[in-house]
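Start at 1 and go down the list; that is how both ligands and their atoms are numbered. For the numbers below, each heavy atom of this structure counts, side chains included, while hydrogens, waters and symmetry mates do not.
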Amino acid sequence: MSRKAVAVLYEAGNSAKEPRLLGCKENELGLRSFLESRGFKFVVLSDKEKLLDKELADTEILITTPFHPAYVTAERIQKSPKLKLCVTAGVGSDHIDLHAANKAKITVAEVTGSNVVSVAEHVVMQILALVRNYLPAYTQVIKGEWDVAAIAKDAFDLEGKVVGTVGVGRIGYRVLQRLKPFDCKELLYSDYQPLDPQREAAIGAKRVTFEELIKRCDVITVNCPLHDSTRDLFNKEVFDKMKKGMYLVNTARGAIVNRDALVEAVNSGIVRAYAGDVWYPQPAPKDHPWRTMPRHGMTPHYSGTTLDAQKRYADGTKDIIQRYLDGVPQKKEDLIVENGEFINKSYVQPGKV
Ligand code: NAI
């Protein structure tokens, strides 16, 4: 009996004619001939519920992406007795129950670093769009209007503002690096894994506690993974302590920000404007309140899936599978969990930051 690999990818329809759009159902991450040559039956789905459930009993390798996340719950892991390897084509494996994967001794690996520049660029774009009040200005033009005052009364420069990141890993660091030439008043970060002094000095950043960060920042960018301690990290209690009129940009994971508390904070003016590209769940339902709340610049989840990024995470996914099949150790930085243990320390928060 042949071995089986399953991939869950979004459907691209006409857009799949772009051959570099590798991460869609139609283009299969470019993996079919490779997997078939290694004796695998390769099933590619876009349905992440019933059709996925039907495949689980004999799946050995499961490939998913954060952009169209198949939620690999403890229940699904229980239904997958042959599952050995979960590969995240991209970065961020919170859609997999990592504790359940550990219990079942399943390896979870992701293509670390594959889209961190793509996300950092998106963050800078969205910070500027909010602070400079770009979206309402653009909307005026489309509508045939011209009211400079209505835009200018809410437009600022980024220069001289205090900007902070929650998480200063690959993405958070790159965001601060890219913001350095903007001459912000201060670049702050909170993280339980501090930067080494040289890297900190290179961008002129300063480590503070989360409490200090939320009180002092005019702009906060969220760049930590979603795990037990970051789910709902931005909740009502936290919003109430934040600097009034601040901007929040979250490209990390939707569930790090409490859905309803954010809407309240935007309505009350604590958050002057919000942007990002991550939602919970994904795809976001039509009636998700972030779609219609005032002063937001949200996009669907695409910051980490530019065509440049797709090439990198398609190649990385193949590399992870090849190593698994050839018995070659995985690159340590790609491993999230292996042999029942967390290898990636970004998901294991020691106490309070
Ligand atoms: P990384 O592992 O290099 O850095 C994450 C950092 O967050 C680590 O330094 C970790 O110590 C820190 N951290 C964890 N919990 C924290 C907490 N409670 N407070 C402060 N810091 C905390 O990961 P990387 O590559 O920078 O990615 C970060 C996250 O960004 C991913 O886990 C994923 O959720 C998200 N992401 C989103 C993408 C998108 O397309 N929107 C694409 C890629 C990643």
Evaluate the criterion salt bridge (charged side-chain N to carboxylate O under 4.0 Å, His left out) for residue pair E60 and K4; output intermediate values, then yes/no. CA-CA 6 Å; E60 179 178 339; K4 191 162 89 185; over 6 Å; no
The atoms of ligand 1 lying under 4.0 Å from a heavy atom of H301, numbered in the order shown, are 39 (C), 40 (O), 41 (N)
(Q) Take a 6.0 Å sphere around CZ of R132 and say whether it holds more than 12 heavy atoms from other residues, nucleotides or ligands. (A) no
Taking only non-hydrogen atoms of D277 and a 4.0 Å limit, the atoms of ligand 1 in range are 41 (N)
Which of F234, Y192, Y189 passes ring pair (Phe, Tyr, Trp, His ring centres under 6.0 Å) with F210? Answer is F234
Under 4.0 Å between heavy atoms, the region of T112 that gets near ligand 1 turns out to be neither
Discussion item. So for ligand 1, is N344 a polar contact partner (N or O within less than 3.5 Å, distance only)?
Written reply: no
Atom 30 (O) of ligand 1: of I171, D94, T305, N250, the nearest heavy atom sits on I171
Among S190, G169, S346, P225, closest by heavy atom to atom 7 (O) of ligand 1 is P225
Near H227 (heavy-atom distance under 4.0 Å), the atoms of ligand 1 are 14 (C), 15 (N)
Just by distance, with hydrogens left out, do T165 and T221 show a side-chain donor and acceptor under 3.5 Å apart? no
For V116, the atoms of ligand 1 under 4.0 Å from one of its heavy atoms are 25 (O)
**Message:** Could you check whether R312 pairs with D308 (Lys NZ or Arg NE/NH1/NH2 to Asp/Glu carboxylate O, under 4.0 Å)?
**Reply:** no
* Asked: Does some non-hydrogen atom of H122 fall short of 4.0 Å from ligand 1?
  -> no
Note: T230, heavy atoms under 4.0 Å from ligand 1, region reported as side chain
Here the atoms of ligand 1 under 4.0 Å from any heavy atom belonging to N223 are 5 (C), 7 (O), 28 (C)
Logged contact type for R170 with ligand 1, heavy-atom cut-off 4.0 Å, is both
Salt bridge R38-D326, side-chain N to carboxylate O under 4.0 Å = yes
* To do: May I ask you to say whether D154 pairs ionically with R295, meaning some side-chain N is under 4.0 Å from a carboxylate O?
  => no
Ring centers of F67, Y313 separated by less than 6.0 Å: yes
Q349 heavy atoms within 4.0 Å reach ligand 1 at atoms 17 (C), 18 (N)
For V278, the ligand 1 atoms with a heavy-atom partner under 4.0 Å come out as 41 (N)
Review point. Among the heavy atoms of A252, does any lie under 4.0 Å from an atom of ligand 1?
Key: yes
- Distance-only N or O hit between ligand 1 and N115, under 3.5 Å: no
Exercise. Decide salt bridge (charged side-chain N to carboxylate O under 4.0 Å, His left out) for E333 and K331; before the verdict, give the C-alpha distance in whole Å, the side-chain angles of both, and the deciding distance to 0.1 Å.
Key: CA-CA 6 Å; E333 67 267 26; K331 290 189 234 156; 5.0 Å; no
Among E110, K345, R253, Q193, closest by heavy atom to atom 33 (C) of ligand 1 is R253
For the rings on H99 and F342, is their centre-to-centre separation under 6.0 Å?
yes
Check this for me: does any side-chain nitrogen of one of R253 and D94 sit under 4.0 Å from a carboxylate oxygen of the other?
yes
Can you confirm if the aromatic rings of H301 and W279 lie within a centre distance of less than 6.0 Å? no
Nearest non-hydrogen contact to atom 11 (O) of ligand 1 from the set D191, V348, T251, L195 belongs to D191
Geometry only, no angles: is G92 polar-contacting ligand 1 at N/O separations under 3.5 Å? no
| Is the H122 to Y302 ring centre distance short of 6.0 Å? | yes
So the atoms of ligand 1 within less than 4.0 Å of a heavy atom of V119 turn out to be 38 (C), 39 (C), 40 (O), 42 (C), 43 (C)
Could you check whether R207 pairs with E200 (Lys NZ or Arg NE/NH1/NH2 to Asp/Glu carboxylate O, under 4.0 Å)? no
Ranking P194, C224, S118 by closest non-hydrogen atom to atom 22 (C) of ligand 1, top hit is C224
Quick look: F67 vs ligand 1, heavy-atom contacts under 4.0 Å, and the answer is side chain
**Prompt:** Going by heavy atoms, is Y189 under 4.0 Å from ligand 1?
**Reply:** no
